[in-house]
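Here's the structure, in structure tokens; my notes come after.
Reckoned from all heavy atoms, side chains included, excluding hydrogens, waters and symmetry mates. Each chain gets a letter, A, B and so on, in the order its sequence line appears, and its residues count up from 1.
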Amino acid sequence: MASDPHPAPDASPTRQFWLMKSEPDEASIDHLKAAGTLPWTGVRNYQARNFMRDLMRLGDGVLFYHSSCPEPGIAGLAEVCSAAYPDATQFDPDSPYFDPKSTREQPRWLHVDVRFVRKTRLLSLADMKRDPALSEMRTLAPGNRLSITPVSAAEWAHLQRVLG
DNA sequence: GCCAACGTTGGC
DNA sequence: GCCAACGTTGGC
């Protein structure tokens with residue numbers, strides 16, 4: 001593996017799993033495939049930030065989900081490949097993610113990097129909703145708006161089978 | 001473009 | 001600390 005600019009200090013032996021939403025206009029699974037890795041910038045929700053900052057570990061599994069698009073759903077698999085570090089876009093006045101209240105001394109917003117694993121068939125949101133094995137998925141909970149949600153080991157294993 | 005649900009902000 | 005106003009998310 002190439003040198004990692006942001007290695008996690010304490011990769012957990014227990015792998016955890018996440019669903020991460022991205023608008024394909026901004027960053028699709030094809031963008032990730034082409035880039036290899038992407039910095040997960042632009043998260044401006046404290047709960048989602050805290051997942052990345054406090055709970056994500058190197059090698060955690062990621063369901064790459066396309067949101068706010070004609071066919072929302074899971075489009076591929078990825079994995080966490082860095083520890084959390086400050087989001088550069090919060091300091092950039094020209095960025096839509098600029099946060100004037102953040103400082104370099106005490107940055108508000110952090111993110112991890114994510115590495116491409118593989119594309120899958122598109123498992124649509126409708127498919128997910130109709131699968132009883134996914135009925136407890138956090139991302140499907142009524143009113144959920146979090147762009148990053150935990151996925152249970154059972155849900156992950158089930159999805160590996162469903163996605164083929 | 002609509003709108004429900006939720007998060008954040010800021011006056012008090 | 002309350003809560004109204006406002007902003008954002010994201011499916012439809």
Which residues satisfy the side chain to side chain contact (heavy atoms under 4.5 Å, CB included) test with A:Ala48, sequence neighbours excluded?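 Result, side chain to side chain contact (heavy atoms under 4.5 Å, CB included) vs A:Ala48: A:Val43, A:Asn45, A:Leu146, A:Ser147, A:Ile148.
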For A:Glu155, give me all partners under side chain to side chain contact (heavy atoms under 4.5 Å, CB included), at least two apart in sequence or on another chain.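 Expected list: A:Leu134, A:Glu136, A:Met137, A:Val151, A:Ser152.
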For the atom pair OG1 (A:Thr139) and CZ (A:Arg145), what is the distance rounded to the nearest 0.5 Å?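 Nearest 0.5 Å value for the OG1-CZ distance: 12.5 Å.
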With rounding to the nearest 0.5 angstrom, report the CG to CG distance, A:Leu123 to A:Asp127.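 One finds 5.0 Å between CG of A:Leu123 and CG of A:Asp127.
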What is the distance, rounded to the nearest whole Å, between atom CZ of A:Phe51 and atom P of B:dG7?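 From A:Phe51 CZ to B:dG7 P: 12 Å.
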When you match A:Arg145 and A:Pro72 each to their closest nucleotide on DNA chain C, which lands nearer the 5' end?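 Nearest-nucleotide comparison on DNA chain C picks A:Arg145.
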Under 6.0 Å between ring centres, would you say that holds for A:Trp109 and A:Tyr85?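 Ring centres of A:Tyr85 and A:Trp109 not closer than 6.0 Å.
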Between the protein and nucleotides 8-12 of chain B, are there any N/O to N/O pairs under 3.5 Å, and if so, what are the atom names and distances?
residue: B:dG10; atom: OP2; partner: A:Lys101; partner atom: NZ; Å: 3.2

